[in-house]
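Below you'll find the structure, written out as structure tokens, and then a few comments.
Both backbone and side-chain heavy atoms feed into the values below; hydrogens, waters and symmetry mates do not. All ligand and atom numbering here is 1-based and tracks the order in the structure. Residues take their numbers from the sequence shown, with the count starting at 1. Source: prediction; values computed, not measured.
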Amino acid sequence: MVNPTPQPVQPLLVFANIAKNFGAVQALRGVDFELRPGEVHALLGENGAGKSTLIKVATGAHAPDSGHLVLGGRRLDALNPATARALGVACIYQQPALFPDLTVAENLALRLEPAGAWRRVDRRARRVRAAELLQRLGADLAPDAEIRDLSMPEQQLVEIAAAIGAGARIVIMDEPTASLTQREQERLFAIVRTLRAEGVGVIYISHRLEEIFALADRVTVLRDGASVGTHAVGDMDAAGLIRLMVGRELAGLPPPGGTVPGEIALELRGTGCAAAGVGSVTFAVRAGEILGLAGLVGAGRTELARVLFGLTPADEGEILREGRPVRLDSPQAAMAHGLAYVPEDRRRHGVVMELPVAQNITLAAHRRVFRHGWLSAPAENRVAAEFIARLGIKAAGPEAAVATLSGGNQQKVAVARWLATAPRVLILDEPTQGVDIAAKGELHRIIRELAQGGLAVILISSDLPEIIGLCDRIGVMRGGTLREILPGGTAAPVVMAAALGTNEKEGAA
Ligand SMILES: Nc1ncnc2c1ncn2[C@@H]1O[C@H](COP(=O)(O)OP(=O)(O)OP(=O)(O)O)[C@@H](O)[C@H]1O
Ligand SMILES: [Mg+2]
């Protein structure tokens with residue numbers, strides 16, 4: 001309920017009884033919400049709870065079916081994106097929407113300069129302005145860098161710079177830290193706190209409770225499209241928030257260990273690929289083992305995964321599968337040797353947005369669903385149904401296009417797609433990014449079970465508790481190579497120090 005008594009401060013934004021349906025899906029069922037100036041207001045809820053839909057109402061991307069908003073002191077039944085921007089709403093999306101062929105400075109100029117003026121402004125002024133903004137963010141990015149050459153976290157920094165540059169009064173961040181390292185995250189938090197001090201209202205969506213406790217003043221929890229309450233963060237603890245969010249207690253994950261690793265499934269001997277910036281990587285992973293890969297963004301972890309999956313084939317060293325040298329020079333070759341790879345950037349590589357959930361899941365597993373050379377629909381639906389149930393994928397049905405799923409549910413489809421291939425070596429790149437706390441626990445349990453069933457797992461994750469809690473051993477990458485291997489359960493500061501290289505003597509390495 002919106003508080004009917006007058007607030008001492010005028011809220012920046014009010015949602016009153018907002019409802020939004022997509023066909024038969026009730027994404028929002030009468031949500032009330034209020035954002036005050038100078039507060040960080042967290043939105044929390046399971047995958048598919050309606051968080052992104054709610055903020056798309058605030059940005060004018062979706063017109064609500066009923067209810068109204070109050071924005072900039074005006075009562076509005078709907079918004080369009082231009083009006084929302086004019087009224088000071090800026091949004092950082094899960095997936096940056098930048099022009100890949102243009103530079104950072106050009107992308108910022110497109111956002112910040114009036115449409116007609118864009119071509120006339122001189123490049124130097126534009127670069128200086130971009131550099132100032134990036135510096136204020138503490139972002140180590142060249143204004144002249146092309147977006148296509150930037151990593152996803154770097155692109156997100158450009159998005160944030162654009163919002164800040166536009167002088168937004170309401171900044172909405174939809175899982176902004178999902179792919180940021182600790183350092184980038186701290187930098188972002190510092191910026192959010194600066195915005196708050198300037199009276200900006202920040203709506204902050206995250207599945208990471210630690211972030212909500214570190215950053216937010218108030219939290220509104222959504223469940224199945226309805227608000228189940230707004231609370232001061234100081235009045236809540238993690239267990240209370242989880243109860244509100246999922247309506248039950250969650251079981252924790254038992255510590256790693258207990259399984260006896262089998263034969264070496266995959267071995268790298270001085271493996272590298274010059275073009276990918278990865279060199280001299282040596283390690284072995286056994287059947288039944290989960291090997292974590294920790295490191296900062298840019299340390300070479302995704303690049304190494306791409307080498308192993310034949311996307312940028314190795315040109316240095318050796319790769320052995322079950323003791324035999326293999327050439328993994330294409331994804332087909334890698335798959336034929338029993339490797340599977342769940343990439344980090346699900347929108348580009350993980351799922352096919354236009355295809356139904358069922359087909360996405362079975363896409364890479366055709367051997368399991370082909371009968372006499374024809375795709376058997378019942379078999380496809382059976383395999384899909386199994387994973388939809390196991391991962392709790394929330395979709396209108398197996399025929400729903402993946403594009404209509406919430407972000408976290410798309411991620412689950414990407415993981416399911418590769419699990420369905422029954423691989424021998426599974427490479428997971430940030431598999432729980434954007435996945436809610438209940439589904440994350442379920443994914444962790446599944447990864448454990450798969451390992452116990454004899455699968456070798458290589459887990460790339462920037463989520464330190466995940467790496468530490470789930471992995472039998474933790475490989476640390478830095479500067480494109482594997483620096484050391486730590487035992488599972490190693491304390492977080494030790495892993496961090498290894499990732500940063502601060503535990504080595506000056507001048508070493
Ligand atoms: N364009 C669309 N067409 C059909 N259904 C949609 C569309 N957008 C969202 N939905 C549905 O609305 C519901 C809410 O989705 P939303 O993206 O708001 O969830 P979310 O809380 O942001 O989840 P996540 O944490 O996974 O990002 C989901 O059931 C989703 O499938
Ligand atoms: Mg979302």
## Note on the structure
To atom 23 (O) of ligand 1, the nearest of A27, G48, G225 on a heavy-atom basis is G48

#### Entry: N/O separation below 3.5 Å, H62 to ligand 1
no

### Query
Any heavy atom of E175 sitting closer than 4.0 Å to ligand 1?
yes

### Message
Does the residue Q410 have a heavy-atom contact with ligand 1, meaning some pair of atoms that are separated by less than 4.0 Å?
### Response
no

### Query
C471 and L291: which non-hydrogen atoms are nearest, and at how many Å?
SG-C, 4.2 Å

### Message
Listing request: all ring pair (Phe, Tyr, Trp, His ring centres under 6.0 Å) pairs with a residue in residues 146-169, at least two apart in sequence or in separate chains.
### Response
none

### Query
Short N/O distance, under 3.5 Å, between L54 and ligand 1?
no

### Message
Is it the case that the ring center of W418 lies less than 6.0 angstrom away from the ring center of F309?
### Response
yes

### Task
Could you tell me whether F22 and ligand 1 have an N or O pair separated by under 3.5 Å?
no

### Task
Answer side chain, backbone, both or neither: which part of E46 comes under 4.0 Å from ligand 1, heavy atoms only.
backbone

### Summary
Of I290, L293, L339, L304, the one forming a side-chain contact (heavy atoms from CB on, under 4.5 Å) with I458 is L293

#### Entry: Contact with ligand 1 for G45, non-hydrogen, under 4.0 angstrom
no

### Query
Which atom names give the shortest non-hydrogen contact between L355 and N360, and what distance separates them?
O-ND2, 3.2 Å

### Task
With heavy atoms of G408 as the reference, note each atom of ligand 1 found under 4.0 Å away.
24 (P), 26 (O), 27 (O)

What side-chain donor-acceptor pairs closer than 3.5 Å can you find for residues 197-206, not counting sequence neighbours?
| unit_1 | atom_1 | unit_2 | atom_2 | d |
| --- | --- | --- | --- | --- |
| Y204 | OH | E211 | OE1 | 2.8 |
| S206 | OG | R208 | N | 2.9 |
| S206 | OG | E211 | OE1 | 2.9 |

### Message
At under 4.0 Å between heavy atoms, is it the side chain or the backbone of L405 that contacts ligand 1, or both, or neither?
### Response
backbone

### Query
Would you call E442 and R445 a salt bridge, using N to O less than 4.0 angstrom?
yes

### Contact atoms of ligand 1, heavy-atom distance to H207 under 4.0 Å
25 (O)

## Note on the structure
Closest to atom 29 (O) of ligand 1 (heavy atoms only, candidates V25, D436, N409) is V25

### Aromatic contact, H41 with F33 (centres under 6.0 Å)
yes

### Query
Would you say the side chain of I393 lies within less than 4.5 Å of the side chain of I361, judging by non-hydrogen atoms?
yes

### Query
Taking both backbone and side chain into account, is any N, O or S atom of S52 nearer than 2.8 Å to the Mg ion (ligand 2)?
yes

